Amino acid sequence: MAEMVVTNERAFDEAIELQCSLIGRTSRARIEAGLPAAICHSALERMTAALSATVQARTEFLAAHAAFADMARELRMPTGFGSGDGCPDQVAPNGSLRVAA
């Protein structure tokens, strides 16, 4: 189950990335086409509402993840991946993430 939890969390992040990309591309296309700002405002409002809903769903899923961990501790069950490496938030990042100054 741990791998399924992490797969779902990754899917939320990928959906957020795709939605942000679409929002950015929509704005860039409007600017490059020289269209008035009002021309795609309704679509931008809808896309940002969808993005907000996705982030809220991610928040709820992270709470569910924490509830799984609490349940496992209560039952004295092991948590993490079959390899015993623990959850990704408990291990070092793979090096592709950097702190911005």
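Quick caveat: nothing in here was measured; it's all calculated off a predicted structure. Residue numbers run from 1 in the order of the sequence given. FYI, side chains are in, hydrogens and waters are out, and symmetry mates aren't considered; it's all heavy atoms of this structure.
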Starting from L18, walk the hydrophobic network (Ile, Leu, Val, Met, Phe, Trp, Tyr; side-chain heavy atoms closer than 4.5 Å) and list everyone else you reach, by chain and number.
none
Value for CG (L51) from CD (Q56), rounded to nearest 0.5 Å, stands at 12.0 Å
Salt bridge (charged side-chain N to carboxylate O under 4.0 Å, His left out): pairs with one or both residues in residues 47-76, sequence neighbours excluded:
D13-R58, D70-R73
Got a list of side-chain donor-acceptor pairs under 3.5 Å for residues 41-48, not counting sequence neighbours?
| unit_1 | atom_1 | unit_2 | atom_2 | d |
| --- | --- | --- | --- | --- |
| T48 | OG1 | L44 | O | 3.0 |
| T48 | OG1 | E45 | O | 3.0 |

On a heavy-atom basis, the closest approach of F61 and V5 is CE2-O, 3.5 Å
Under 4.5 Å between side-chain heavy atoms, hopping through other hydrophobics if needed: is there a path connecting M4 to V6?
no
Given 3.5 Å as the limit, does a donor-acceptor pair link the side chain of T54 with the main chain of A50, or not?
yes
Name all residues meeting the side chain to side chain donor-acceptor pair (under 3.5 Å) criterion together with S52; count only those two or more places apart in sequence or in a different chain, and write none if there are none.
none
Side-chain donor-acceptor pairs of residues 25-33 under 3.5 Å, sequence neighbours excluded:
| unit_1 | atom_1 | unit_2 | atom_2 | d |
| --- | --- | --- | --- | --- |
| T26 | OG1 | L22 | O | 2.8 |
| S27 | OG | I23 | O | 3.4 |
| R30 | NH1 | L35 | O | 2.5 |

Can you name the ring-ring contact (aromatic ring centres under 6.0 Å, His included) partners of F68, sequence neighbours left out?
none
